[in-house]
Number of protein chains: 2
Amino acid sequence: MTSAFSDGFCDSSVRATIDLIGGKWSMAILWQLLQEECRYAELQRRVGGISQKVLSAELRTLVGAGLVEREVVPTVPPQVTYRITEEGRSLEDVFAALHRWGLQHGG
Amino acid sequence: MTSAFSDGFCDSSVRATIDLIGGKWSMAILWQLLQEECRYAELQRRVGGISQKVLSAELRTLVGAGLVEREVVPTVPPQVTYRITEEGRSLEDVFAALHRWGLQHGG
DNA sequence: CGGTATCCGCTTTGATACTG
DNA sequence: CAGTATCAAAGCGGATACCG
């Protein structure tokens, strides 16, 4: 645990993590889903300001990464619910670290 | 990347932190400077693949944020050394959290 | 309702040339 | 050596329209 970063910039896992949650909307979405599961339209409304295209793309990415779960109920009209996975919930630690530092730094 | 998280996202410090270190190069630069102080050209060489323009801009941002210190030795030719500040060094905790999660998630 | 497809503008990024 | 200026290219995000 001493030096998490050995040498050079060979640690791609940090980069990958930031690439995943560092986007403009990923965090807002995850943040929302951490609080409660949500359907598509509702999620768009809650996040606020995100377009359908971007929301779809983000959700596809997050689902693909295993952070979010997509449940389809084939009714008419269709009903799709998104919820955070255990994997996604584990991000709370990362958020906490970022939050702590953000406060310490920005004041 | 700086965004207006209007509703449903009250914690801007997390966002601010990611905006600061989530850029394409910020982390590579910080990572390098965490290991040892560095002069401009050397830094560009070590980071690898970054242009002068972007490196300058990044450094200005990081210095402005108080994460990096800029020391000018007015010799001929001029000599400028960049080194991490205490503030910047405190990011190690954040990196550690990201690293831990990155491993746990992506492998 | 829950998306995908298309087009378009803006920011980010980079190569190159030039200055102190 | 350590940058700044300029210009071109790429990618992302967003508005709109349309499909299952």
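Just so we're on the same page: letters track the sequence lines, and every chain starts at 1. In this text, all values refer to a predicted model and were calculated from it rather than measured experimentally.
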Which residues pass the side chain to side chain donor-acceptor pair (under 3.5 Å) test with [X], sequence neighbours left out?
{"X": "B/Ser51", "answer": "none"}
{"X": "A/Arg100", "answer": "none"}
{"X": "B/Gln44", "answer": "none"}
{"X": "A/Thr81", "answer": "none"}

[X] [atom1] - [N] [atom2] separation (whole Å):
{"X": "B/Glu58", "N": "D/dA2", "atom1": "CD", "atom2": "P", "result": "18 Å"}
{"X": "B/Leu43", "N": "D/dC1", "atom1": "CG", "atom2": "P", "result": "14 Å"}
{"X": "B/Ile29", "N": "C/dT13", "atom1": "CD1", "atom2": "P", "result": "11 Å"}
{"X": "B/Trp25", "N": "C/dT11", "atom1": "CH2", "atom2": "C1'", "result": "18 Å"}
{"X": "A/Leu55", "N": "C/dA5", "atom1": "CG", "atom2": "C1'", "result": "16 Å"}
{"X": "A/Ile50", "N": "D/dT16", "atom1": "CD1", "atom2": "C1'", "result": "17 Å"}

> Listed by chain and number, what are the salt bridge (charged side-chain N to carboxylate O under 4.0 Å, His left out) partners of A/Asp19, not counting sequence neighbours?
Replying inline: A/Arg15

> Is the distance from OP1 or OP2 of C/dT11 to the nearest side-chain N or O of A/Lys24 less than 4.0 Å?
Replying inline: no

>> With a 4.0 Å cutoff (strictly under), does any side-chain N or O of A/Arg39 reach OP1 or OP2 of C/dC1?
In response: no

> Near DNA chain C, under 4.0 Å by heavy atom, which residues of residues 65-84 of chain B?
Replying inline: B/Pro78

> Considering only heavy atoms from C-beta outward, does the side chain of A/Phe95 approach that of B/Thr17 to under 4.5 Å?
Replying inline: no

> Is there a side-chain contact between A/Ile29 and A/Ile50 (heavy atoms, below 4.5 Å)?
Replying inline: yes

>> Test: salt bridge (charged side-chain N to carboxylate O under 4.0 Å, His left out). Region: residues 26-36 of chain B. Which pairs qualify, not counting sequence neighbours?
In response: B/Glu36-B/Arg46

>> My understanding is that only residues two or more places apart in sequence, or in another chain, count here; which of them pass side chain to side chain contact (heavy atoms under 4.5 Å, CB included) with B/Glu86?
In response: none

> To the nearest 10 degrees, how far apart in direction are the end axes of the helix from C/dC1-D/dG20 to C/dG20-D/dC1, each fit to five base pairs?
Replying inline: 40°

> In B/S/- notation, 5' to 3', how is nucleotides 4-9 of chain D contacted by protein heavy atoms closer than 4.0 Å?
Replying inline: B-BB--

For residues 60-72 of chain A, which side-chain donor-acceptor pairs fall under 3.5 Å, sequence neighbours excluded?
unit_1, atom_1, unit_2, atom_2, d
A/Thr61, OG1, A/Ala57, O, 3.0
A/Glu69, OE1, A/Arg83, NH1, 3.4
A/Arg70, NE, A/Tyr82, OH, 3.1
A/Glu71, OE1, A/Arg83, NH2, 2.9

> Any ion pair linking A/Glu42 and A/Arg39 (charged N to carboxylate O, less than 4.0 Å)?
Replying inline: no

